[in-house]
Amino acid sequence: MDVNRTPVQPVTPQIAPVPPFPPPPTSVFCTIVPPHVLDKLAQSEDPAHHGPARLTLEHDALHRARRSDTAVRGITGPAPETASDKPHRTIYDAGHQQVVPGTKVHSESDPPAKDASVNRAQAGLGATFELYLKVYGRHSIDGKGLPLDATVHYGEKYDNAFWDGRRMVFGDGDNTIFLDFTIPVDVIGHELTHGVTQYTANLEYSGQSGALNESVSDVFGSLIKQYALGQSVGQADWLIGEGLLAPQVTGKALRSMKAPGTAYDDKTLGKDPQPATMKGYVETASDNGGVHVNSGIPNHAFYLAATALGGHAWERAGQIWYDVLTGGHLAKNAQFADFAALTVTAARARYGTGEEAEALLKAWSTVGVTAK
Ligand SMILES: [Zn+2]
């Protein structure tokens with residue numbers, strides 16, 4: 001018998017209240033269009049541009065403030081004992097009101113809807129479910145088969161899309177700068193990946209850990225698109241939000257992983273501010289410390305590593321990123337160097353000391369991050 005053992009406390013004869021579900025993980029209010037882009041639009045003299053942008057900014061600021069006050073409730077439904085290999089998707093229509101979930105308009109077993117936004121949301125949720133299940137063996141965003149809900153036609157000319165902690169919400173865009181937010185599948189994948197991060201590493205949404213949170217969403221958002229289209233690293237566009245900008249905007253997308261800082265350069269929208277390397281790291285108090293700006297650096301590291309390895313980016317490069325995100329060693333407040341070191345460790349653990357680890361060391365070094 002271990003005499004040093006702490007004496008066992010007498011058991012109090014009472015039944016502790018058992019919560020109906022595990023406590024909900026906290027989530028961030030993350031929008032695909034960052035505040036700095038909407039700020040620029042809000043300064044435009046053209047009411048067609050500043051009107052929707054100002055309303056969107058007001059809405060998003062309100063929701064961000066609320067989110068920091070409270071943990072997200074409602075995402076805690078009991079997981080099925082055996083998660084299904086099929087997604088369970090439900091699409092709602094907000095009817096241009098700022099309400100969620102809105103009216104239920106589509107269930108999993110329904111035939112395609114007449115509304116293209118509904119069908120695109122359904123397809124995007126499905127593409128996200130497929131990549132995580134088929135490639136990484138993950139059942140939905142919580143790993144336990146969480147049903148996937150989405151609300152379309154949110155608000156009037158609402159210039160954004162977001163994951164609110166339990167569902168995807170899409171605006172229609174103002175139609176002069178932004179089109180319907182259900183169009184780019186990588187935007188859907190980006191937002192749902194915030195859910196995956198919320199359930200796994202739960203990276204703090206500020207500074208470098210926030211930029212890593214954003215970058216992880218861009219990486220898997222792009223991989224979801226690449227996997228759905230069967231693209232090799234050379235065929236992929238490495239853009240986030242391609243198809244979202246209206247034809248009159250001078251730009252290709254919201255962000256570029258291949259060439260951060262080059263996604264758009266437009267008189268109304270301004271210029272893509274993302275750096276590709278630590279030389280351009282932006283110290284700022286806005287946007288939670290530039291989380292949508294400095295994410296260009298780890299984004300570019302992923303692009304460099306994936307293209308050096310060749311083939312399909314979701315296979316080795318994506319697997320390594322997934323291992324880091326879900327492996328339990330990534331701290332909530334991880335910095336770029338911490339994440340870089342974990343990718344090298346994960347590469348060696350899975351593939352040995354071969355070209356994968358070498359490609360990662362080179363990629364991180366090129367963007368100016370030394371793997372600790
Ligand atoms: Zn995001």
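In this chain, numbering begins with 1 at the start of the sequence shown. Both counts, for ligands and for their atoms, begin at 1 and track the order of listing.
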*Asks:* Only counting residues at least two apart or in another chain, list the ones meeting side chain to side chain donor-acceptor pair (under 3.5 Å) with Trp321.
*Replies:* none
*Asks:* Does His292 bring an N, O or S atom to under 2.8 Å of the Zn ion (ligand 1)?
*Replies:* no
*Asks:* Only to 10 degrees, please: what angle do the SG atom of Cys30 and the NE2 atom of His194 make about the Zn ion (ligand 1)?
*Replies:*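 Value, to the nearest 10 degrees: 80°.
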*Asks:* Verify whether the ring centers belonging to Phe181 and Tyr154 lie closer than 6.0 Å.
*Replies:* no
*Asks:* Could you work out, with side chain to side chain donor-acceptor pair (under 3.5 Å) as the rule, every residue matching Gln319, not counting sequence neighbours?
*Replies:*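 Only Asp323 meet the side chain to side chain donor-acceptor pair (under 3.5 Å) criterion with Gln319.
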*Asks:* In Glu214, the N, O or S atom nearest to the Zn ion (ligand 1) is which?
*Replies:* OE2
*Asks:* Is there a donor in the side chain of His153 and an acceptor in the side chain of Gln97, or the other way round, less than 3.5 Å apart?
*Replies:*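 Checked: His153/Gln97 side chains show no N/O donor-acceptor pair below 3.5 Å.
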